[in-house]
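Not measured: the values here are computed from a predicted model. Note on naming: letters A, B, ... go to the chains in the order of the sequence lines (proteins, then strands), and numbering restarts at 1 for each one.
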Protein chains: 2
Amino acid sequence: MIIVFTGNGKGKTTAALGTALRSIGNGKKVKMIQFIKGPFKSGEDSSWQKLSSNFELIKGGIGFVGILNDPHSFSDHKKAADNTWELCKKTIKSRKYNLVIMDEINAAMDLKLIDDQEIKEFLQQSSENIDIICTGRNAPKWLIDIADLVTEMKDVKHPFNAGKQAKRGIEF
Amino acid sequence: MIIVFTGNGKGKTTAALGTALRSIGNGKKVKMIQFIKGPFKSGEDSSWQKLSSNFELIKGGIGFVGILNDPHSFSDHKKAADNTWELCKKTIKSRKYNLVIMDEINAAMDLKLIDDQEIKEFLQQSSENIDIICTGRNAPKWLIDIADLVTEMKDVKHPFNAGKQAKRGIEF
């Protein structure tokens with residue numbers, strides 16, 4: 001089954017984490033591979049390590065793309081995304097996991113960091129007997145077409161709008 | 001901070017679970033109180049027990065309201081929802097938790113199981129120094145007005161549409 005969490009609102013990666021938790025609770029093996037988001041520390045790490053040996057988290061990205069003071073070139077980001085995608089393929093093909101989360105892969109495709117034609121062909125052939133979650137805004141139309149479940153997280157109201165700061169443990 | 005996950009799509013409770021996980025990872029104490037959803041087993045239970053002593057899950061509801069073969073009367077559901085709301089107030093007032101999740105409280109208000117005027121007054125006075133998540137479809141306008149962060153989970157595509165069955169560990 002292919003599940004897509006897209007849209008401009010909060011809750012996409014968070015819903016993927018919640019789904020992972022439910023799967024682990026049912027004895028499933030889960031691997032989450034993050035595109036784009038960098039190696040900075042967030043609440044996930046410590047909680048996951050405690051959680052279960054059935055969960056693995058890989059951070060493939062080297063930070064947000066094109067933000068102010070981004071120390072990386074576009075081709076650095078592209079290389080990181082390509083390597084991350086290769087890891088996704090290997091992970092899915094290995095048949096060792098019941099659920100594979102490709103976090104921010106939609107954004108990576110939208111930013112042209114990875115070739116979505118190859119991903120399309122791969123996913124069309126590889127979603128039997130495995131659950132795959134693709135998160136990130138601007139999911140391509142072909143992905144929505146082949147997906148089994150798609151939720152759009154729509155930003156109705158956001159603290160940044162009101163000038164508040166992100167809260168550690170809640171907001172990221 | 002008041003956070004609302006609403007809309008007709010999948011991912012509302014799941015995003016709340018993911019948020020709980022992140023909070024626990026930051027050493028916070030979390031309590032999730034479920035309205036409406038009944039005591040039937042799901043993937044949450046076993047994974048939560050393993051997760052952390054900083055997480056508590058209370059199932060206040062006695063099943064979905066008004067479904068086929070519902071063995072409970074509306075007043076049974078109302079009584080259960082009233083008791084669940086009393087527990088929420090006690091939990092928030094206790095100041096023992098950094099994050100309190102009121103799961104499906106929006107639906108409980110929408111179904112008139114609980115008096116939303118009282119909830120409005122309580123939340124307006126009680127959201128300092130605590131994070132509160134309200135999930136469920138049809139969040140009332142006043143709640144969106146007082147909330148800090150609101151995401152609408154929109155159903156774009158759902159397996160039930162395509163006649164597929166819910167998958168244990170993914171779909172509920």
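- A 4.5 Å side-chain heavy-atom check between A:Lys154 and B:Thr6 finds every atom pair outside the cut-off.
- Other residues, nucleotides and ligands contribute more than 12 heavy atoms inside 6.0 Å of the NZ atom of B:Lys89.
- Closest of all the heavy-atom pairs between A:Gly11 and B:Ala15 is O-CB, 4.1 Å.
- You'll find the side chain of A:Thr14 reaches within 4.5 Å of the side chain of B:Arg22, heavy atoms only.
- In this structure the side chain of A:Leu149 never reaches within 4.5 angstrom of the side chain of B:Lys157, judged on heavy atoms.
- To the nearest 0.5 Å, atoms OG1 (A:Thr151) and NE2 (B:His158) are separated by 7.5 Å.
- A heavy-atom distance below 4.5 Å is found between the side chains of B:Val156 and A:Ile144.
- Between B:Lys10 and A:Met153, the closest heavy-atom pair is O-CE, 4.4 Å.
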